[in-house]
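Heads up, the thing below is written out as structure tokens.
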Amino acid sequence: MSSVSSQPQFRLTQPPSKVLHLRNLPWECTEEELVELGKPFGKVVNTKCNVGPNRNQAFIEFADLNQAIAMISYYASSSEPAQVRGKTVYLQYSNRQEIVNNKTTADVGGNVLLVTIEGADARLVSIDVLHLVFSAFGFVHKITTFEKTAGFQALVQFSDAETASSAKNALDGRNIPSYLLPEHLGPCTLRITYSAHTDLSVKFQSHRSRDYTNANLPVAPSAIDANGMFSVGLDGKKLEPESNVLLASIENMQYAVTLDVLHMVFSSFGPVQKIAMFDKNGGLQALIQYPDVQTAVVAKEALEGHCIYDGGFCKLHLSYSRHSDLSIKVNNDRSRDYTIPNTVMMNPQPSILGQQPAATHGPPAHPYPRSSFCSNNRASSDDASAFCWMGHRWSTGTPFYACPDESQSLFATWNHATSNGPWNDADAKPWWPAAACSCNASLQTRS
DNA sequence: AGCACA
């Protein structure tokens, strides 16, 4: 009960320990990088990274106290500070004598995440946006949202604990990208823990809960309008009638937008059944058909207003078509029916929506050089390598991040493994893995 | 930029 602490929080001189405390580490510093850093001074027997509120602290434990002392004294007198990925890291003896790697209940989670959305406008975050965000890591089975004293919360159910954990690791503490939110909204931060639930009970599709595994689940009466359509948005706003077919018009088409390009872009959100392209009013338009309305809604939300290429080129404008099933007479470079057999089948995602057919895209024909992945790479005209990163992901699963930049291009990308990305501050968190990119990643990692 | 984990 004493309010006077006898120990200062940080002592100026720490007594030596074979455990060193590191801080100011770059984002997502790996265990390997820590071992690399300590190796010249002795045997690193244990590490712990992603420590602290910013996850930028770590511990390394040497086999022997002298090795820790060697490292500290080396950097105490060195003109070159200790660095990881070019970032200065600060070292000191830990106030503990060994690293405790407790796998606590918070670490061994289940397949359901408890997500708290923080921020003044948190309750304005739509369930569709949450779905989009979490779908970047794998198939989202169900979402329920509710308000508690803790604020606006959601339970997000994945197939398995691994997927849930990857989503948690990537998203905990992050802000929802502003481009996914209505313009006036302030930052919305995700705080994620594991839920004890394993299977959520969702009775209706509504603005508060969704079951993406059951296309036949009734829509909540509150979300149905007089025409019997599911047309009430989150905040009760009227939406245009949704459809499984999107009408895309492409503005500022400096670069060729081909059928394949459209297929790749729209396949990121679900299997594309049919595409028909045509010219209208001197511009290019296309109809893109998904098997279900939900997928079209997610795709529309994610892609609307975005540019296929950096620099404001090939900006997409999407609306719902009144069609529900396109009639494709012939497969050519302007129209295609991907549901007809004898195309490559490579959709490892379980067919959760029942009638959902397998996606029919294959990897691009040519592998593209790694150099084209760098962040300042500009797509060149008539060059399909603008999408090379997607092909690369598909074929290897290498983690790339897409960077929606100032122009909100979807496809400014960089190789996370070899580059800090296009942000200036090495400590800054990278942009969201764009849904387009990560949905493919999740397709890739399932088998 | 300053010590994990319940």
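Note that the coordinates shown come from a computational prediction; the quantities given were computed from them, not determined experimentally. Lettering follows sequence order; numbering is per chain, from 1.
Between the CG atom of A/Asn54 and the C1' atom of B/dG2 there is a distance of 12 Å, rounded to whole Å. Rounded to whole Å, atom P of B/dA4 lies 18 Å from atom CD of A/Glu31. In this structure, A/Leu91 places its CG atom 15 Å from P of B/dA1, rounding to the nearest Å. The distance between atom CG of A/Leu34 and atom P of B/dA4, rounded to the nearest whole Å, is 17 Å. For the pair A/Ile72 CD1 and B/dG2 P, the computed distance is 16 Å after rounding to whole Å. If you take CZ of A/Arg23 and C1' of B/dG2, they are 5 Å apart, rounded to a whole angstrom. Separating the CZ atom of A/Arg55 from the C1' atom of B/dC5 is a distance of 14 Å, rounded to the nearest angstrom. Atom-to-atom, CZ of A/Arg96 to P of B/dA4 comes out at 6 Å; the value is rounded to the nearest Å.
Listed pair A/Gln92 / B/dG2 fails the phosphate criterion, with no side-chain N or O lying under 4.0 Å from OP1 or OP2.
The A/Gln14 side chain lies nearest to B/dG2 when the options are B/dA4, B/dA1, B/dG2. Which of B/dG2, B/dA4, B/dA1 sits closest to the side chain of A/Asn24 comes down to B/dA1.
Contacts of A/Glu61 with the nucleic acid, taken as non-hydrogen atoms under 4.0 Å apart, are absent. Residue contacts shown for A/Val51 are limited to sugar-phosphate atoms, with no base heavy atom under 4.0 Å away.
Looking at A/Arg210 and A/Asp128, a side-chain N of the basic residue comes within less than 4.0 Å of a carboxylate O on the acidic one, giving a salt bridge.
With centres under 5.5 Å and a plane angle under 30°, the ring of A/Phe59 is stacked against the base of B/dA4.
Both tests pass for A/Lys300 against the ring of A/Tyr320: distance under 6.0 Å to the centre and angle within 45° of the axis.
Nucleotides of DNA chain B nearest to A/Tyr90 and A/Gly52 differ in position, and the one nearer the 5' end is that of A/Tyr90.
A search for ring pair (Phe, Tyr, Trp, His ring centres under 6.0 Å) contacts involving A/Phe41 returns A/Tyr74, A/Tyr75, not counting sequence neighbours. With sequence neighbours excluded, no residue forms a side-chain hydrogen bond (donor to acceptor under 3.5 Å, both in side chains) with A/Thr149.
Side chain of A/Thr189 to backbone of A/Arg174: no donor-acceptor contact under 3.5 angstrom is found.
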